[in-house]
**Q** 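Pasting a structure here, questions to come.
Not measured: the values here are computed from a predicted model.
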Amino acid sequence: MRKKLLDILACPVCKGDLRLEVKEENEEEVLEGFLICDNCNERYPIEEGIPNLLPPELRDKL
């Protein structure tokens with residue numbers, strides 16, 4: 001996930017701002033980490049550079 005995407009993303013649950021927690025990155029993008037909503041305390045995983053912004057109840061079904 002490219003860091004500049006953070007400017008346009010919002011929490012799908014409460015529409016709050018997201019902050020980025022990076023676990024692994026290269027020169028171009030974040031490979032592993034989390035997008036975190038401090039408003040509703042939800043965490044969205046980033047795996048292999050792809051953020052999963054599904055609400056928690058749908059994320060567990062896939």
**Q** At what distance, to the nearest 0.5 angstrom, does CD of Glu32 lie from CD of Glu24?
**A** 5.5 Å

**Q** Treat each ILVMFWY residue as a node, draw an edge where side-chain heavy atoms are under 4.5 Å apart, and state whether Leu6 and Ile36 are in one component.
**A** no

**Q** State yes or no: do Leu20 and Leu31 share one hydrophobic cluster built from I, L, V, M, F, W and Y residues joined by side-chain heavy-atom distances below 4.5 Å, directly or via other members?
**A**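 In one cluster: no.
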
**Q** Please evaluate residues Met1 and Leu35 with respect to the criterion side chain to side chain contact (heavy atoms under 4.5 Å, CB included), reporting the C-alpha separation (whole Å), side-chain torsions for both, the decisive distance (0.1 Å), and the verdict.
**A** CA-CA 10 Å; Met1 185 194 103; Leu35 292 167; 4.0 Å; yes

**Q** Please list all pairs passing the salt bridge (Lys or Arg N to Asp or Glu O under 4.0 Å) test where one or both residues lie in residues 6-19, with sequence neighbours left out.
**A**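 Every pair satisfying salt bridge (Lys or Arg N to Asp or Glu O under 4.0 Å) with a residue in residues 6-19: Arg19-Asp38.
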
**Q** Begin with the C-alpha distance, continue with both residues' side-chain angles, and end with the deciding distance and a verdict on side chain to side chain contact (heavy atoms under 4.5 Å, CB included) for Val22 and Ile46.
**A** CA-CA 9 Å; Val22 177; Ile46 302 168; over 6 Å; no

**Q** For residues Phe34 and Leu9: do they belong to one hydrophobic cluster (side chain heavy atoms under 4.5 Å, members Ile, Leu, Val, Met, Phe, Trp, Tyr)?
**A**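 Different clusters.
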
**Q** If you measure from CG on Leu18 to CZ on Arg43, what distance do you get to the nearest 0.5 Å?
**A**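 Taking CG in Leu18 and CZ in Arg43, the distance rounds to 12.0 Å.
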
**Q** Between Arg59 (side chain) and Leu54 (backbone), is there a donor-acceptor pair under 3.5 Å?
**A** yes

**Q** For Glu48, does the CD atom sit with more than 12 other heavy atoms under 6.0 Å from it, leaving out its own atoms?
**A** no

**Q** Please name the residue in the list Pro55, Cys11, Pro51 that meets the side chain to side chain contact (heavy atoms under 4.5 Å, CB included) test with Tyr44.
**A** Cys11

**Q** Work out which heavy atom in Gly16 is nearest to a heavy atom in Cys37; give both atom names and the distance.
**A**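 Gly16 and Cys37 have their closest heavy atoms at CA-SG, 4.4 Å.
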
**Q** I need the Ile50 CD1 to Glu29 CD distance, nearest 0.5 Å.
**A**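 Nearest 0.5 Å value for the CD1-CD distance: 9.0 Å.
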
**Q** Please enumerate all residues that pass side chain to side chain contact (heavy atoms under 4.5 Å, CB included) together with Glu28, with sequence neighbours excluded.
**A**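 Once residues adjacent in sequence are excluded, the partners of Glu28 under the side chain to side chain contact (heavy atoms under 4.5 Å, CB included) criterion are Arg2, Asn26.
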
